[in-house]
Amino acid sequence: MAVSGSKVVFGDVYVDELVSSCGNGFEFLKPKGVYFADRSHISCRKAGMVLRKQEQPLFVCGHYVSPTMSRNSKYNPPFGPRIKSIRTSPLPCSSSRAVHDVSFDGSSSDDQTTSLPQRAIPSEQTLTLVSGSCYLPHPAKVEKGGEDAHFICADEQAIGVADGVGGWAEVGIDAGEFARELMSNSVKAIRDEPKGSVDPARVLEKAHSSTKSQGSSTACVIALHKEGLHAINLGDSGFIVVRDGSTVFHSPVQQHGFNFTYQLDSGNNGDLPSSGQVFRIPILPGDVIVAGTDGLFDNLYNNEVAAVVVHALRAGFSPESTAKEIVALARERAVDKNKQTPFAKAAQDAGYRYNGGKLDDITVVVSFITISADM
């Protein structure tokens, strides 16, 4: 879902009929911890980890475009051969509140005061967030639309992603409904914020309190202010900032244990928005923000994402096209049973024998930081 100004816009979904030639051999049957009404939870335990063979996945990419981008874009980026367009059904568009000071290498600490270096920006010019996205559901979840959700508010200069916790499927609940409602409510909350002063933590609190669907999800909301990015992240979705080909910031993962992410739910058993980490990050013209769900960050290291960004910038790609390139590489890694990936490393560190990527929904939102002269 993409949002421009006060109008929710639902884009076309582009389907790539190319079937991967390097199918992954494995997938976790119980992907994440899930809370239930009796306050018990299922987490990823050694006894509960089962591996099974998967067929080669069909690439399906959902591409949600802001109308301002689609009307003015000079790009017609391909995403594999034989792309066709189909119409989908519409998607529903602080606690410690401590602000984490960010060092140049992206680490965060409550007592750290180092900030990213900045160059002077002429007073008559302001920074603008130009965003595009790509969504690729898990092959087994294509028919129901997957469990990820995201939004782009072009006029309000805000973006967000959410990942419904897949373990709910074991009790017949589609956590994607919760994620989509949470993002739709985030858009409504953003529209109530003062122009140019969107508070992501407040937005997430309002959105969470209004979300009634069953299930749970992670959440990440990012807004552009004059002084930089303001963001909140809860769980294992997140974002990175790429500058001059290097990752200068990455949001830390929040997990209770291996593959057991922090998560919001509509009851009283999940984590609270106040458990999310809040950030204020100085940015510069030319910076690129890459936000995504764990389908991205479980399969690609930050330097791999940064390398795609560098290639895309040199090729003159739009944010949407850049997001497609990142998603394509993440899926390639997800079905590769030999590559070392962040998820494989985490599994090995937790005592599991696991190699390769992790097949999952993949959502990527790419935002270019540009200078726009005030008129």
Side-chain angles (χ1 to χ4, degrees), residues 27-45 48-50 91-92 135-151 160-186 204 207-221 232-238 251-277 291-299 330 334 342-343 346-347 350 358-363:
E27 180 201 9
F28 284 106
L29 282 174
K30 295 187 178 182
K32 291 183 181 178
V34 176
Y35 289 100
F36 292 100
D38 61 359
R39 290 190 171 273
S40 65
H41 67 266
I42 293 176
S43 60
C44 189
R45 303 176 296 272
M49 188 160 299
V50 183
L91 301 177
Y135 175 37
L136 182 60
H138 186 296
K141 302 174 184 178
V142 170
E143 289 188 5
K144 69 174 184 177
E147 293 160 340
D148 284 2
H150 70 280
F151 68 83
V161 298
D163 177 8
V165 176
W168 285 98
E170 297 179 12
V171 291
I173 294 172
D174 178 8
E177 292 293 333
F178 180 91
R180 288 186 284 272
E181 185 181 355
L182 182 68
M183 291 292 93
S184 179
N185 288 333
S186 295
L204 188 59
H208 175 245
S209 66
S210 301
T211 301
K212 305 304 179 184
S213 295
Q214 288 185 291
S216 59
S217 82
T218 65
C220 179
V221 178
I232 184 169
N233 185 62
L234 184 141
D236 56 8
S237 296
S251 57
V253 171
Q254 290 183 302
Q255 290 185 330
H256 296 288
F258 170 65
N259 215 33
F260 184 12
T261 183
Y262 279 38
Q263 58 201 266
L264 302 174
D265 72 4
S266 56
N268 299 315
N269 302 308
D271 299 293
L272 296 174
S274 59
S275 298
Q277 292 181 292
T293 54
D294 65 337
L296 167 63
F297 296 112
D298 277 347
N299 290 300
F343 183 81
K358 176 190 172 190
L359 197 57
D360 201 353
D361 298 334
I362 305 171
T363 294

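Rounding to the nearest 0.5 angstrom, the gap separating the CZ atom in Arg180 from the NE2 atom in His150 is 12.0 Å. Considering NE2 of His256 and OH of Tyr262, their distance stands at 5.5 Å, rounded to 0.5 Å. Between Ser217 atom OG and Leu234 atom CG the span is 8.5 Å, to the nearest 0.5 Å. In this structure, OG on Ser216 lies 9.5 Å from CG on Asp163, to the nearest 0.5 angstrom.
Looking only at distances, no side-chain donor or acceptor of Ser186 sits under 3.5 Å from a matching main-chain atom of Ala207.
Under the side chain to side chain donor-acceptor pair (under 3.5 Å) criterion, Lys212 pairs with no residue at all, not counting sequence neighbours. With sequence neighbours left out, Ser213 forms a side chain to side chain donor-acceptor pair (under 3.5 Å) with Glu181. In this view, Phe297 and Ile240, Asn302 satisfy the side-chain contact (heavy atoms from CB on, under 4.5 Å) rule, not counting sequence neighbours. Residues passing the side-chain contact (heavy atoms from CB on, under 4.5 Å) test with Ala175 are Trp168, sequence neighbours excluded. Partners of Phe178 according to the ring-ring contact (aromatic ring centres under 6.0 Å, His included) rule, which considers only residues two or more places apart in sequence or in another chain, do not exist here. Qualifying side-chain contact (heavy atoms from CB on, under 4.5 Å) partners for Asp361, counting only residues two or more places apart in sequence or in other chains: Tyr135, Pro137, His138, Lys141, Glu147, Asp148.
Nearest heavy atom pair, residue Asp298 against residue Pro342, reads O-CD, 3.4 Å. Across Ile362 and Gly295, no two heavy atoms sit closer than the pair CG1-O, 3.7 Å. In plain terms, the two heavy atoms of Ala149 and Met183 that are nearest each other are CB-CG, 3.7 Å. Of all non-hydrogen atoms in Lys358 and Asn299, the two that sit nearest each other are N-OD1, 2.7 Å. Ala179 and Gly164 make their closest contact through CB-N, 3.8 Å (heavy atoms, listed as atom of the first residue, atom of the second, distance). Minimum interatomic distance between Ser237 and Ser251 (heavy atoms only, all atoms of both residues): O-OG, 4.4 Å.
The shortest side-chain heavy-atom distance between Gln254 and Thr218 does not fall under the 4.5 Å cut-off. Residues Leu182 and Leu264 have side chains in contact (heavy-atom distance under 4.5 Å, counting atoms from C-beta outward).
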Criterion side chain to side chain contact (heavy atoms under 4.5 Å, CB included) on Asp294 and Asp360, from CA distance to verdict: CA-CA 8 Å; Asp294 65 337; Asp360 201 353; 3.2 Å; yes
Test log, rule side chain to side chain contact (heavy atoms under 4.5 Å, CB included), inputs Asp271 and His208: CA-CA 11 Å; Asp271 299 293; His208 175 245; over 6 Å; no
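A donor-acceptor contact closer than 3.5 angstrom links the side chains of Thr211 and Asn185.
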